[in-house]
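Ligands are counted one by one from 1 in listed order, and the atoms in each one are counted from 1 as well. All heavy atoms count here, side chains included; hydrogens, waters and symmetry mates do not.
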Amino acid sequence: MTRVHVTASREYDVLIGQGLIDRSGALTAEVLPPCRCMLVSDSTVAALYAQRVSDSFVQAGYDVSTFTFPAGESSKTMKTLEALLNAMGASGLSRSDFVVALGGGVVGDLAGLAAAVYSRGVPFVQIPTTLLAAVDSSVGGKTAVDMPFGKNMVGAFHQPSLVLTDTDALRALPRELITCGAGEIIKCGVLNDPELFAWMETGHWLDRIETVVARCVAYKRDIVAEDEFDTGRRAFLNLGHTFGHAIEQCSGLSVPHGMAVGLGALMAAAAAGCDEALLRRLARCLTVNGLPVRCPYPASALAEAALADKKRSGRQITLVLPQDIGRCVLQKTPVAELPGLFSKALAALEALEL
Ligand code: GLY
């Protein structure tokens, strides 16, 4: 088992290893004394793991209630949040009790926000069961629900008390969820870690999944320690997001987030003017891992999607631009320049004839 210690407004461990789901109660008891807890999951993950997690917590002396909601981003709403808060109230959760988030990013965001606001804040434990949640969203304390006026528009920074990542659950994921996670891991390699990127290039990184997850978490830990509230360096974690969000929107959300982020990172490298060898290397790494390298949408549609999103946050956006594998820079860019950047990126990718 690997332990990554996070120092933020709350200090906590991220534990990564085999068989942690069945030890989740005992491991939690090392940081939160036996009390009541609300186990939150979605319909897919609950069917797989909720009973085992619940049994483990009961065995460790906790009084466990459960709340399950339909799987999918469409559940990440105020309505589900309200239902969860009502369930917490009905089960008599007090300020000294806590929430357990068992699932992917949607579960973590929603349960984390419930923990942030219930009784003005109770602790929570993250048990991420997707690769994307394990390497990114379960660490760092961002919680949110989506609103009609935008994704993640209502939320809070609320750090977990413990993160438990069971690598057996990650290995058992369906291929598409592994692929989506690979997009986030490649992003981490491009940002900071040439060795991690080289592992991803082989396509055989699942053999060392504990180390891979730990490397991504340790990088995020360092960023969060310096910029917990996302006013500076944390923006690096958005590599591939400006291009990726535009792809997601143009596809009507049929291209999943992790895949869009991988392709978005390639487009960011192309927009940054990276040389052909680097673009080919990045494209090959994406292909080996089953991620797309071609963007079927025209620059005008991508720019429109990005502008619709970015106009809210003012006239400038911060782009994350790769310079090399393991090195990126932040660049404040007027939103008016986005259409030109999309055109430049698409032209550079087309010239590669991938
Ligand atoms: N997922 C990006 C962040 O935590 O800042």
L196 side chain reached by C216 side chain, heavy atoms, under 4.5 Å: yes

For the residue pair F98 and Y62, categorise the inter-ring angle as parallel (less than 30°), tilted (30 to 60°) or perpendicular (more than 60°). perpendicular

Is there a polar contact, in the sense of an N or O pair closer than 3.5 Å, between N238 and ligand 1? no

With a cut-off of 4.0 Å, which atoms of ligand 1 are near a heavy atom of D136? 1 (N), 2 (C)

Looking at Q323, I'd like to know if its CD atom is crowded, meaning that more than 12 non-hydrogen atoms belonging to other residues, nucleotides or ligands lie closer than 6.0 Å. yes

I want to know if ligand 1 touches D230 in the polar sense, i.e. an N/O pair below 3.5 angstrom. no

Applying the 4.5 Å side-chain criterion to the ILVMFWY set and letting contacts propagate, would L132 and V139 be lumped into a single cluster? no

